[in-house]
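Okay, structure first, notes after.
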Amino acid sequence: MLSALPLGIFVTAAPLAAAITFTDQALAAGVGMVSEANGAAFGDYDGDGRPDLLVTRLGRGEGPLLFHNQGDGTFADQSALLTNAAGPALGGAWVDVDADGDLDLYLIRFRDPHLFFRNEGGHFTRIEKPAELADHQASTSAAFGDFDGDGEVDLFATHRAAQANQFYRHLYGEGFADQSELFSALRSGQDSFSATPFDSDGDGDLYL
């Protein structure tokens with residue numbers, strides 16, 4: 001239907017878009033495991049162009065699950081690739097921490113040492129965390145990004161239980177350095193549960 005407006009302008013009444021609906025496909029996709037899942041993160045760990053899925057769990061004796069994207073709407077359980085990753089985890093983050101072109105895995109655990117896994121051709125090797133990251137306190141999440149613009153990925157860790165957040169700079173050739181005290185504003189907001197890096201003004205700098 002056309003409506004006449006002043007100065008000969010016409011507008012057309014367009015039909016409303018069809019309502020968007022979702023149906024649960026977890027079982028059909030092969031990821032409908034019955035467990036105490038707490039977090040999930042997608043990342044293409046094998047470089048085939050398809051996002052794979054990590055699921056972290058909090059149940060006693062339940063380690064993380066890794067599902068490989070088959071490309072046909074289904075996922076294959078590849079959790080056996082995560083050796084030495086037993087125990088509960090709050091969440092995980094995919095990040096190329098060693099800048100070799102593939103995604104490594106960082107597992108966040110509450111009041112337990114976090115776990116780092118280096119991706120070596122689609123297989124994961126647990127690596128010892130740098131000593132600078134040993135102060136895990138009561139972590140709830142981790143956000144990686146090049147916050148200082150030096151080309152190296154840095155880490156911002158959120159905490160709860162009256163523990164301040166932490167900021168670690170990744171110094172080239174020297175590993176991570178806790179510089180939370182220098183960036184005191186980032187330590188505020190106790191009982192933080194997550195953080196999202198973003199560039200709000202498009203100037204190339206990351207904010208939290």
**Request:** Any chance you could pull the hydrophobic cluster mates of Phe193, using side-chain heavy atoms under 4.5 angstrom and chaining through other members?
**Result:** none
**Prompt:** Could you state the interatomic distance from CZ (Phe116) to CZ (Arg126), rounded to the nearest 0.5 Å?
**Reply:** 12.5 Å
**Residues in side-chain contact (heavy atoms from CB on, under 4.5 Å) contact with Ser194, at least two apart in sequence or another chain** = Ser141
**Request:** Please name all residues satisfying side-chain contact (heavy atoms from CB on, under 4.5 Å) with Pro51, sequence neighbours left out, ordered by chain then number.
**Result:** Phe42, Asn69
**Item:** Non-hydrogen atoms of Pro88 and Arg109 that approach each other most closely
**Value:** O-CD, 3.2 Å
**Item:** Interatomic spacing from OG1 in Thr158 to CD in Gln163 - rounded to 0.5 Å
**Value:** 12.0 Å
**Message:** So which atom in Leu66 and which in Ser79 form the shortest heavy-atom distance, rounded to 0.1 Å?
**Reply:** N-OG, 3.0 Å
**Asked** What residues, two or more places apart in sequence or in another chain, satisfy side-chain hydrogen bond (donor to acceptor under 3.5 Å, both in side chains) together with Thr196?
**Response** none
**Message:** Contact between Leu82 and Leu105 at the side-chain level, heavy atoms closer than 4.5 Å - yes or no?
**Reply:** yes
**Reported NE2-to-OG1 distance for the pair His68 and Thr74, which is rounded to 0.5 angstrom** = 10.0 Å
**Request:** Search all heavy atoms of Asp44 against all heavy atoms of Gly49 and return the closest pair with its distance.
**Result:** OD2-N, 2.7 Å
**Request:** Just jot down the side-chain hydrogen bond (donor to acceptor under 3.5 Å, both in side chains) partners of Arg50, sequence neighbours excluded, or say none.
**Result:** Asp48
**Asked** Should Tyr45 and Leu54 count as side-chain neighbours, where that means a heavy-atom distance under 4.5 Å?
**Response** no
**Prompt:** What residue pairs, at least two apart or across chains, pass side chain to side chain donor-acceptor pair (under 3.5 Å) with a residue in residues 96-105?
**Reply:** Asp98-Arg118
**Complete:** ring-ring contact (aromatic ring centres under 6.0 Å, His included) filter on Phe144, not counting sequence neighbours, yields Tyr106
**Request:** Verify, without hydrogens or angle tests, whether Arg57 (side chain) and Gly63 (backbone) share a donor-acceptor contact under 3.5 angstrom.
**Result:** yes
**Complete:** Hits for side-chain contact (heavy atoms from CB on, under 4.5 Å) against Asp154, two or more places apart or cross-chain, chain-then-number order -> Asp146, Phe147, Asp148, Phe167, Arg169, His170
Could you pull out every donor-acceptor pair under 3.5 Å between side chains of residues 21-37 and any protein atom, sequence neighbours left out?
residue : atom : partner : partner atom : Å
Thr23   : OG1  : Gln25   : NE2          : 3.1
Asp24   : OD1  : Ala26   : N            : 2.9

**Prompt:** How far apart are the closest heavy atoms of Ala164 and His159, and which atoms are they?
**Reply:** O-CD2, 2.8 Å
**Item:** Check: Ser192 main-chain N/O paired with Thr140 side-chain donor or acceptor under 3.5 Å
**Value:** yes
**For Asp205, all residues meeting side-chain contact (heavy atoms from CB on, under 4.5 Å), sequence neighbours excluded** = Asp203, Tyr207
**Item:** Inter-residue atom distance Phe117.CZ - Leu103.CG, 0.5 Å rounding
**Value:** 15.0 Å
**Message:** If I compare all heavy atoms of Ile108 with all of Ser139, which pair ends up nearest, and what's the gap?
**Reply:** CG2-CB, 4.1 Å
**Prompt:** When rounded to the nearest 0.5 angstrom, what is the spacing between NE2 in His114 and CG in Leu90?
**Reply:** 8.0 Å
**Request:** Kindly say whether Gly92 contributes a backbone atom to a donor-acceptor pair with the side chain of Thr56 at under 3.5 angstrom?
**Result:** no
